[in-house]
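One structure is given here, and the rest of the page talks about it.
Computed from a predicted structure; not experimentally measured.
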Amino acid sequence: TQATTTFAPVETATAGSTAGPIAIPPGIKAIKSITVGFAINGAHSVNTGPVYVLRLTGTGALPDGNQDLVLGSVHHDNGGGTVTDTDTVNMSPLTIPVDIKVNAGADLALQAAYFGTDGGSPQLSVEIEFA
């Protein structure tokens with residue numbers, strides 16, 4: 001139910017609830033990679049292709065400031081016209097190598113948004129590999 005162009009917290013608890021930021025473990029200096037997958041689930045207009053963005057933020061977590069990463073887009077095309085379809089469109093997870101400096105002991109918050117035409121109910125999964 002998230003509106004387009006609105007950053008919202010990524011749910012970090014295993015129960016699917018927003019648990020808040022992730023504590024960066026002691027001795028960690030950077031994020032080495034981010035693996036993401038996303039999907040549109042439910043009723044949505046075809047011939048749309050929302051672009052997904054992940055924001056890394058958190059007070060004191062990122063010495064170089066907030067980082068926004070464009071993750072990609074899921075384009076659902078039926079060959080012409082605009083109709084409403086009810087199904088799930090998935091993108092296979094991809095790994096993005098990064099070198100984003102972090103401060104050990106700080107709290108890293110994840111936020112996500114999508115831009116473009118509202119494609120339905122967006123879903124996003126994120127895995128962070130620290131180094």
Side-chain angles (χ1 to χ4, degrees):
T1 60
Q2 179 183 339
T4 59
T5 70
T6 302
F7 279 94
V10 173
E11 297 170 350
T12 56
T14 56
S17 61
T18 302
I22 299 166
I24 300 171
I28 296 300
K29 296 183 186 317
I31 297 172
K32 179 180 177 179
S33 69
I34 298 174
T35 301
V36 296
F38 44 87
I40 299 169
N41 185 17
H44 52 274
S45 298
V46 297
N47 296 330
T48 60
V51 176
Y52 295 85
V53 177
L54 176 67
R55 176 172 287 166
L56 305 175
T57 187
T59 303
L62 302 158
D64 295 328
N66 292 349
Q67 302 289 313
D68 288 350
L69 300 160
V70 175
L71 304 177
S73 176
V74 173
H75 181 77
H76 189 193
D77 185 8
N78 75 340
T82 302
V83 298
T84 299
D85 196 5
T86 303
D87 64 359
T88 301
V89 180
N90 299 315
M91 187 198 116
S92 297
L94 71 112
T95 299
I96 304 167
V98 296
D99 183 16
I100 299 172
K101 292 177 181 57
V102 295
N103 291 320
D107 290 335
L108 178 68
L110 306 179
Q111 298 176 346
Y114 67 105
F115 297 81
T117 306
D118 186 352
S121 298
Q123 299 178 355
L124 174 75
S125 65
V126 180
E127 179 181 309
I128 306 251
E129 181 181 7
F130 291 108

Testing N103, I24, I100 one by one against L108 for a side chain to side chain contact (heavy atoms under 4.5 Å, CB included), which residue passes?
I24
In short, A112 meets L124 closest at the heavy-atom pair CB-CD2, 3.4 Å
Do T35 and E127 meet the criterion of a side-chain donor-acceptor pair at a distance under 3.5 Å?
no
Which heavy atom of G27 sits nearest to which heavy atom of A104, and what is that distance?
N-CB, 3.7 Å
For S33 and T95 the tightest heavy-atom approach is CB-CG2, 3.8 Å
Nearest heavy-atom pair of G60 and A106: which atoms, and what distance?
O-CB, 3.5 Å
Are the side chains of V51 and Y114 in touch, meaning some heavy atoms are under 4.5 Å apart?
no
Taking every heavy atom of Q111 against every heavy atom of V10, the minimum-distance pair comes out as C-CG2, 3.9 Å
Nearest heavy-atom pair of K101 and P63: which atoms, and what distance?
O-CD, 3.3 Å
Report yes if some heavy atom in the side chain of V126 is under 4.5 Å from a heavy atom in the side chain of L71; otherwise report no.
no
Going from CD on E129 to CD1 on I96, what distance comes out if it is rounded to the nearest 0.5 angstrom?
13.0 Å
Pairwise side-chain contact, L56 with I128, heavy-atom cut-off 4.5 Å (strictly under):
yes
Non-hydrogen side-chain atoms of V102 and L62 separated by less than 4.5 Å:
yes
Interatomic distance, T59 atom OG1 to D107 atom CG [nearest 0.5 angstrom]
8.5 Å
Identify, with sequence neighbours excluded, every residue that meets side-chain hydrogen bond (donor to acceptor under 3.5 Å, both in side chains) alongside D68.
R55
Point-to-point distance, once rounded to the nearest 0.5 Å, from OG1 of T57 to CG of N66
3.5 Å
Using modelled atom types only, decide if a donor and an acceptor are shared between the side chain of Q67 and the backbone of G65 within a distance under 3.5 Å.
yes
